[in-house]
There are 2 protein chains.
Amino acid sequence: MESSVHVHEHSSRGGGKPSRAKKTVTQKDIARALGISRGTVDRALHGRAGISTAVKERILSTAKSLGYAPNKFAQLLVTGKKITIAMITPSDPFWVRVHEGANSYLSELGEWLLRVTWYETTVHDPEREVALFQEALEARVDGIGIAPSDPDLLTPWIDRAVRSGIPVVTLNTDAPESDRIVFIGQDSAVAGRVAAELLAKFLLGRGRVAIIAGFKNVLVHKLRMDAFRDAIAKDYAGVAIGEIYESHDSDSEPYEIARAIFRAGIAVDGIYLTTGTGIGALGRALKEIGVAGTVKVVCFDFLADTLELLKDGTVSASIGEDPYSQGYQSVKALYNYITDRRKPDGPALYTRMDIGLRANIDLLGY
Amino acid sequence: MESSVHVHEHSSRGGGKPSRAKKTVTQKDIARALGISRGTVDRALHGRAGISTAVKERILSTAKSLGYAPNKFAQLLVTGKKITIAMITPSDPFWVRVHEGANSYLSELGEWLLRVTWYETTVHDPEREVALFQEALEARVDGIGIAPSDPDLLTPWIDRAVRSGIPVVTLNTDAPESDRIVFIGQDSAVAGRVAAELLAKFLLGRGRVAIIAGFKNVLVHKLRMDAFRDAIAKDYAGVAIGEIYESHDSDSEPYEIARAIFRAGIAVDGIYLTTGTGIGALGRALKEIGVAGTVKVVCFDFLADTLELLKDGTVSASIGEDPYSQGYQSVKALYNYITDRRKPDGPALYTRMDIGLRANIDLLGY
DNA sequence: GTGAAAGCGCTAACAT
DNA sequence: ATGTTAGCGCTTTCAC
């Protein structure tokens with residue numbers, strides 16, 4: 001295909017106003033060159049049945065030598081095909097950003113090509129995810145994006161869908177053992193290391209930190225936790241890790257945990273929360289205890305509470321996982337796969353890792 | 001326009017395989033509804049000449065009530081218009097990422113709509129920028145993206161182009177007084193504040209920092225410098241700012257500057273370099289002096305040198321400006337403006353601010 | 001000022 | 001196995 005990227009040759013007379021594109025090769029050209037009909041050319045080009053291998057060969061080779069490229073607009077105009085993608089996700093503020101990203105991929109031209117149907121779950125409701133997954137399959141969608149909160153439960157369903165030709169991507173949280181065509185989300189291990197580096201640097205390399213994990217056994221949290229511990233152990237000998245608590249991704253539990261820590265008289269210089277949920281409660285506790293700002297806190301995501309606590313210094317830094325592009329990339333990957341069976345390069349497509357500080361809160365948030 | 005976003009209704013029987021899009025309203029429908037011809041409808045819809053205001057009104061209103069939306073594919077198929085955008089930029093590793101971003105906007109369908117011509121400058125060569133700008137105008141391109149290294153010199157040219165209907169966007173560095181339709185790049189003031197926050201936190205809020213500005217009077221550097229100073233003065237009383245040096249964006253000068261600082265016996269705990277250029281030289285000096293890692297360094301961008309120094313701890317953090325999306329957004333803004341005179345929301349479109357640490361270098365780099 | 005008709009490049013149904 | 005033809009929705013030329 002002719003590239004649309006050009007480096008300006010200095011001698012220059014090129015460029016062009018909005019003008020008819022320069023002569024492009026069509027099926028008709030091929031047909032004329034070979035003295036055959038346009039229908040046959042079309043059949044050859046698409047490998048459709050009812051054509052002798054001999055002419056097919058000739059057509060294909062002259063197509064290539066003439067530099068034929070199909071005109072997508074004409075194709076789309078005549079077929080009028082519209083693809084449906086199902087996205088099975090929660091719908092809280094974090095996920096709203098995912099939706100926005102997904103929707104942006106269908107802007108302009110996209111709207112004619114694609115429709116995205118949202119199947120709403122609530123956070124951590126694996127059974128409902130399975131039920132919706134089945135509904136999507138029954139609705140005969142062309143592709144599915146899902147954030148499997150219980151990989152073990154979803155994996156057989158994902159595998160079944162993929163086997164039957166319906167591509168599935170996992171986003172935000174993975175089902176690594178499944179046949180999903182790709183995972184799109186944060187590299188949790190790197191995130192854990194970044195958290196470790198930030199906290200250690202904010203403590204000038206020495207002190208005691210507590211870890212509050214969302215769920216000790218949910219993949220994302222576990223990875224964020226383990227990588228954090230490894231990084232501290234490896235690179236920051238002066239930092240000690242104390243107890244590891246579990247907040248069950250609850251909005252309130254971090255409050256109790258923090259109170260318990262200080263009630264027990266444990267000297268803590270930093271707290272690492274492997275989620276964004278519950279940061280409000282944690283901040284409230286630290287303020288009540290009178291150590292907000294003194295105890296350095298690193299957490300995840302940019303929910304309203306987080307932004308506020310970043311602003312007043314209670315949270316030192318928060319790590320984002322770019323929900324917008326999680327949505328965007330999921331739809332894009334599915335679309336590309338559905339239209340030309342094109343798989344992403346690797347098993348995972350990592351979204352960037354935004355680091356939120358007080359100074360840049362205006363640029364963050366969801 | 002009918003949206004392509006759907007929330008799954010739980011009663012569900014919806015969805016759909018790749019199927020003919022459901023009945024969409026065409027010009028023909030409008031014509032039939034009004035008992036007039038399709039040509040007239042088209043004229044009304046496009047405000048073309050030769051039509052009575054009476055019928056025009058009726059057409060427009062029924063078009064709206066029927067929910068008519070033009071079929072872009074049909075439009076494009078028949079007009080075959082291809083737009084040319086000129087990008088006037090340097091071509092070093094940083095700018096290669098900008099190119100990649102720009103090119104990605106013309107992927108797939110885009111290639112049929114758009115061509116991007118690159119006009120190569122070298123860093124800080126204002127005269128050449130003007131010359132290339134003129135060339136682009138003569139080549140009758142449909143839009144121009146440029147990183148004006150001397151805003152005063154370029155502004156009259158930008159204004160002239162815009163007046164004559166050729167939209168211009170500035171990227172990476174702005175010409176704020178010009179009529180460019182939008183600036184796409186980093187919010188330098190926020191970047192300066194982020195640098196201040198990082199450095200202050202890495203120093204636990206006390207110490208002495210030196211500033212090395214690329215150019216004290218080049219807009220970007222000046223903003224990064226001033227915002228840094230203001231933020232330190234306002235929020236971090238324990239941090240003192242010493243001398244301000246100028247490296248002239250040179251690859252080597254930071255070496256001399258660092259040596260001079262320490263030769264003079266000035267006690268410096270942190271160094272803020274408002275650019276990425278010359279970080280290699282600065283790192284070399286600090287290593288020779290024996291203070292690499294002790295003196296905290298914050299700088300910009302993720303060039304090869306920077307990544308290496310982040311890795312070995314000589315640089316504590318570096319701030320990226322997302323060159324990829326500078327390219328992507330520039331082309332997108334120009335395209336939207338050219339095709340439907342749609343201006344971006346504000347005068348500036350700020351790209352995100354990546355913070356590079358040792359732990360996430362693998363995700364950065366250009 | 002309005003209608004009729006050709007045709008963009010392609011697919012698909014119908015001939016042969 | 002191959003040729004012919006009728007559109008997809010739109011723009012544009014040429015009649016009237």
Side-chain angles (χ1 to χ4, degrees), chain A residues 1-2 18-60 62-63 66-82 108-109 111-113 339, chain B residues 1-2 18-60 62-63 66-82 109 111-113 339-340:
Chain A
M1 178 184 295
E2 184 215 353
S19 60
R20 302 204 64 87
K22 80 156 182 279
K23 186 76 195 98
T24 125
V25 183
T26 72
Q27 289 186 359
K28 189 154 72 174
D29 296 325
I30 301 175
R32 199 167 355 152
L34 265 50
I36 58 178
S37 87
R38 2 202 1 282
T40 310
V41 173
D42 185 63
R43 279 186 279 262
L45 257 19
H46 289 81
R48 277 188 257 277
I51 187 170
S52 72
T53 15
V55 282
K56 186 170 166 183
E57 299 285 271
R58 288 174 55 218
I59 292 173
L60 258 28
T62 63
L66 256 43
Y68 170 79
N71 183 324
K72 282 235 180 205
F73 301 131
Q75 266 174 329
L76 259 4
L77 177 60
V78 62
T79 56
K81 292 234 180 67
K82 201 168 184 174
E108 279 137 62
L109 298 152
E111 306 228 344
W112 290 93
L113 300 178
T339 52
Chain B
M1 175 185 295
E2 183 218 350
S19 61
R20 302 203 65 88
K22 78 154 180 283
K23 185 80 196 96
T24 126
V25 183
T26 72
Q27 290 185 356
K28 189 154 73 174
D29 296 324
I30 301 176
R32 200 167 355 153
L34 263 48
I36 58 179
S37 86
R38 348 178 46 266
T40 310
V41 173
D42 185 64
R43 279 185 279 262
L45 258 18
H46 289 81
R48 277 188 258 277
I51 187 170
S52 70
T53 14
V55 282
K56 186 171 165 181
E57 298 287 272
R58 289 175 54 221
I59 291 173
L60 257 31
T62 63
L66 257 44
Y68 170 79
N71 182 322
K72 283 236 181 203
F73 300 131
Q75 264 172 333
L76 259 3
L77 176 60
V78 63
T79 58
K81 293 234 179 67
K82 199 167 184 175
L109 297 152
E111 307 227 343
W112 290 92
L113 300 177
T339 52
D340 21 289

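Each chain gets a letter, A, B and so on, in the order the sequences are listed, and its residues count up from 1. What's counted below: heavy atoms across the whole structure, side chains too, no hydrogens, waters or symmetry copies.
A close approach under 4.0 Å does occur between a side-chain nitrogen or oxygen of A:S37 and OP1 or OP2 of D:dG3. Within the structure, every side-chain polar atom (N or O) of A:K81 is placed at least 4.0 Å from both OP1 and OP2 of C:dT11. At least one side-chain nitrogen or oxygen of A:Q75 sits closer than 4.0 Å to the OP1 or OP2 atom of C:dT11. In this structure, A:S52 reaches the D:dT2 phosphate: one of its side-chain N or O atoms is under 4.0 Å from OP1 or OP2. For B:K28, a side-chain nitrogen or oxygen approaches OP1 or OP2 of D:dC8 to under 4.0 Å. Residue B:R48 places at least one side-chain N or O closer than 4.0 Å to OP1 or OP2 of D:dT12. Neither OP1 nor OP2 of D:dA1 sits under 4.0 Å from any side-chain N or O of A:T40.
Rounding to the nearest 0.5 Å gives a distance of 12.5 Å between OG1 of B:T53 and CZ of B:R58.
Closest contact between the side chain of A:V78 and the listed nucleotides D:dG3, D:dC10, D:dG7 involves D:dG7. The B:L77 side chain lies nearest to C:dG9 when the options are C:dG9, D:dG3, C:dG3. Nearest nucleotide to the side chain of A:I51, out of D:dT2, C:dC10, D:dC10: D:dT2. When the nucleotides D:dG3, C:dG9, C:dG3 are ranked by their closest atom to the side chain of A:T26, C:dG9 comes out on top.
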Step-by-step side chain to side chain contact (heavy atoms under 4.5 Å, CB included) determination, A:Y68 to A:V41: CA-CA 11 Å; A:Y68 170 79; A:V41 173; over 6 Å; no

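Atom C1' of nucleotide C:dG7 and atom CZ of B:F73 are separated by 20 Å, given to the nearest angstrom. Rounded to an integer number of Å, the gap from NZ of B:K82 to P of C:dG9 is 14 Å. Remark: C1' of D:dC10 and CD1 of B:I30 are 12 Å apart, rounded to the nearest angstrom. Atom P of nucleotide D:dC10 and atom NE2 of B:H46 are separated by 9 Å, given to the nearest angstrom. One atom, CG of A:D42, and another, P of C:dA12, lie 8 Å apart when rounded to the nearest Å. The distance from atom CG of A:L113 to atom P of D:dC8 is 19 Å, rounded to the nearest whole Å. Atom P of nucleotide C:dA13 and atom CZ of A:R38 are separated by 17 Å, given to the nearest angstrom. If you take CD1 of B:I36 and P of C:dG1, they are 15 Å apart, rounded to a whole angstrom.
Under the 4.5 Å side-chain criterion, counting only non-hydrogen atoms from C-beta, B:I59 is not in contact with B:K56. A:T62 places a side-chain heavy atom less than 4.5 Å from the side chain of A:L34. Side chains of A:T339 and A:L113 form no contact here, defined as non-hydrogen atoms less than 4.5 Å apart.
Projected onto DNA chain C by closest heavy-atom contact, B:A49 and A:N71 fall at different nucleotides, the more 5' of which corresponds to B:A49.
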